[in-house]
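This report concerns only the one structure given below.
It should be emphasised that the depicted structure is a prediction, and the values quoted were computed from it without experimental measurement. Naming: A, B, ... by sequence-line order, numbering from 1 per chain. These numbers come from the heavy atoms of this one structure, side chains and all, not from hydrogens, waters or symmetry mates.
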Amino acid sequence: MSSSISVDSLHKSFARNEVLHGLSFELPPGSVLGLIGPNGAGKTTTLRCLLDIIRPSSGTLRVLGEDPRHSGPELRRRIGYLPGELILESRVTGRRLLNHFAALSGPVKRGRIEELAERLAVPLDKQVRELSKGNKQKLGLIQAFMHDPELLVLDEPTSGLDPLLQQEFLAMVAEVRNDGRSVLLSSHVLSELQQSADRVAILRAGTIVANASVDELRANAVRKLRVRLEDGQEALDDATRRLSAVPGVDGLRTLPDGQLEASVHDGIRPLLTALAALPVTDVVLEEPDLEEAVLTLYGTNHGNGHPATATGHRTRRLERHARKES
Amino acid sequence: MWEIFTRGVVDSWRATLTWAVGLVAAAALYLPLFPSMVGNGQMQQMLNSLPSQLVKTLNYDQLGNGAGYTQSTLFGLLGFLLLSMATIAWGASAVGSDEESGILELTLAHGVTRVQLVAGRALAILARLFLLVLVMYCAVAVLNGPSQLSLNLGTVAGAALGYAGLMALSSAAALLGGALRGRRVHGLMLGAAVSVAGYVFNAVGRQSDSAKWLLNFSPYHWFFGANPFSNGVDWGACIGMWVGTIVLMALAAVVLRARDVGR
């Protein structure tokens with residue numbers, strides 16, 4: 001079966017400013033691909049090309065086997081799309097708005113809109129301009145999901161949703177995938193993708209710098225290791241010597257309470273072998289921080305043992321970087 | 001396309017109603033004054049005392065009979081202003097506002113082509129325009145007797161059709177302006193340019209023979225120059241304006257179809 005989305009050497013320029021420099025990626029049917037990148041990296045531009053809202057300067061696009069440039073409304077009826085910036089200011093009610101889109105892209109199963117609205121807890125009979133940002137976003141999600149499209153293209157789908165509804169959204173995505181349908185979603189927050197996506201493509205300044213399965217990312221991710229040893233300076237020195245010889249173990253240091261701390265960014269098997277020979281009383285190997293893994297792939301240096309602060313710092317740097325480029 | 005058309009007409013009923021009330025009020029304000037102002041010759045005396053340039057600028061040189069009065073005051077001045085404001089705003093918004101707010105991107109991601117979208121919205125504008133002109137016509141028809149206007153309602157009906165064409169032309173220019181770059185303000189500028197320039201060219205062109213050539217570029221003059229409410233509409237001008245409207249609207253569709261949306 002052919003890919004739900006196939007993008008090959010996609011270039012896009014606005015005036016003389018090229019914003020996409022030859023993107024390529026595939027979305028296999030029945031899977032979820034996350035497009036991650038800082039603001040200005042080209043995520044929205046890429047997604048708009050798939051819907052024929054903007055036109056590529058060059059490159060080949062195939063969406064559900066068709067060329068979006070020439071397949072018109074018939075193709076778009078098979079896609080559910082959520083734009084990145086959803087501004088609903090009209091006086092019509094949510095129900096009217098959804099019925100309007102259903103008339104354009106339907107058919108929508110009877111009761112489907114109400115079912116989704118109940119699930120996402122959004123009032124349908126209020127004028128859309130009176131709704132909160134979160135509720136507008138929910139209407140956006142409903143119009144994307146309501147006709148059960150073969151492909152969903154969602155730009156920053158969880159922005160403005162509270163955590164409980166983010167979980168509901170993840171469940172909706174999982175159902176789509178279980179149906180054998182596909183989802184492409186974008187985000188600048190990896191944490192919301194690591195639960196829903198099979199693969200992530202990392203976009204920076206108009207190119208895909210990495211395309212990896214979440215499992216691969218997890219394997220590459222930096223984990224924080226803390227080891228408590230039996231008392232004694234000798235044991236500590238021995239452990240320091242052995243652990244620093246293990247490939248992929250970095251930033252080894254002794255904490256004030258006598259524990260050893262390090263970051264681990266390779267396979268853990270050699271580490272386990274080394275640990276097995278030591279008089280260990282306690283080991284903590286933290287859940288890998290995918291955010292950190294992505295930043296590693298972005299080309300910044302490895303974690304320094306303080307991923308939280310390091311991540312925040314680097315994210316800011318990346319955003320500045322992206323702003324300069326956009 | 002019909003879904004876009006229906007939504008365009010139905011969802012804007014409040015605005016349409018407000019404009020209709022305004023136009024009826026304008027008719028009710030001007031027309032009943034005719035017997036007292038013009039019938040006893042006072043008006044003519046006042047007009048004689050005014051500079052002839054001013055009288056021509058206001059198109060008040062036709063005030064002597066009911067048809068001229070109706071044409072100059074209601075259709076040529078306040079009605080022209082109100083209807084132009086309404087239809088230019090609608091034209092400019094049809095693509096421009098939606099693109100500015102981002103909702104156009106979402107609509108176009110659904111099962112509709114850009115040509116269908118422009119066609120649906122353009123037809124919605126025309127339907128609302130026809131409705132408002134019909135309301136004006138009815139107001140005039142109702143006031144015809146009581147205000148002693150002695151209008152031939154058949155002539156007025158033809159004139160109203162030409163009048164709708166005049167309004168449609170500036171609205172179509174506004175639609176095209178909004179579709180060019182997706183900015184409402186461009187639509188307002190282009191629509192107002194057609195409407196205001198037409199009015200000004202008419203006013204200046206009628207002042208002297210040396211400026212007379214300006215009249216050729218004034219849609220306002222194409223329509224009002226023939227005194228359609230007295231003499232019947234100039235069908236050539238009427239058809240010309242409707243053809244122009246259709247051409248501009250088609251151009252808007254072509255422009256929108258060819259470009260990127262929402263950046």
> Looking at B:L108, B:V112, B:L117, which one forms a side chain to side chain contact (heavy atoms under 4.5 Å, CB included) with A:L104?
Replying inline: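 The single option meeting the side chain to side chain contact (heavy atoms under 4.5 Å, CB included) with A:L104 is B:V112.
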> When you look at A:R48 and B:V261, which way does the side chain to side chain contact (heavy atoms under 4.5 Å, CB included) test go after all the steps?
Replying inline: CA-CA 9 Å; A:R48 284 176 174 172; B:V261 166; over 6 Å; no
> chain A contacts: which residues in residues 5-33 of chain B have a non-hydrogen atom closer than 4.5 Å to it?
Replying inline: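 Under the 4.5 Å heavy-atom cut-off, B:R7, B:V10, B:D11, B:R14 qualify.
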> Looking at A:E74, A:K12, A:E89, which makes the most heavy-atom pairs under 4.5 Å with chain B?
Replying inline: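 Of A:E74, A:K12, A:E89, A:K12 has the most heavy-atom pairs under 4.5 Å with chain B.
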> What are the two closest non-hydrogen atoms of B:A109 and A:R76, and how far apart are they?
Replying inline: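 Looking at all heavy atoms of both residues, the shortest contact is O-CB, 3.4 Å.
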>> Testing the basics here: between A:P73 and B:G111, what is the closest heavy-atom pair and its distance to 0.1 Å?
In response: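 So the two residues come closest at CB-C, 3.5 Å.
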Straight-line distance of [X] [atom1] to [Y] [atom2], nearest 0.5 Å:
X: B:D260; Y: A:F14; atom1: CG; atom2: CZ; value: 5.5 Å
X: A:T44; Y: B:E105; atom1: OG1; atom2: CD; value: 8.0 Å
X: A:S90; Y: B:D98; atom1: OG; atom2: CG; value: 9.0 Å
X: B:R114; Y: A:I53; atom1: CZ; atom2: CD1; value: 8.0 Å

So which bits of [range] come within less than 4.5 Å of chain B, counting non-hydrogen atoms only?
range: residues 123-147 of chain A; answer: A:Q127, A:Q143
range: residues 115-122 of chain A; answer: none
range: residues 78-88 of chain A; answer: A:Y81, A:P83, A:L86, A:I87, A:L88

>> For B:R259, which atoms come within 4.5 Å of any heavy atom of chain A: side chain, backbone, both, or neither?
In response: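 Contact with chain A: backbone only.
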> Judged by atom type as modelled, is there a donor-acceptor pair below 3.5 Å linking the side chain of A:S105 to the main-chain atoms of B:H110?
Replying inline: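 Absent.
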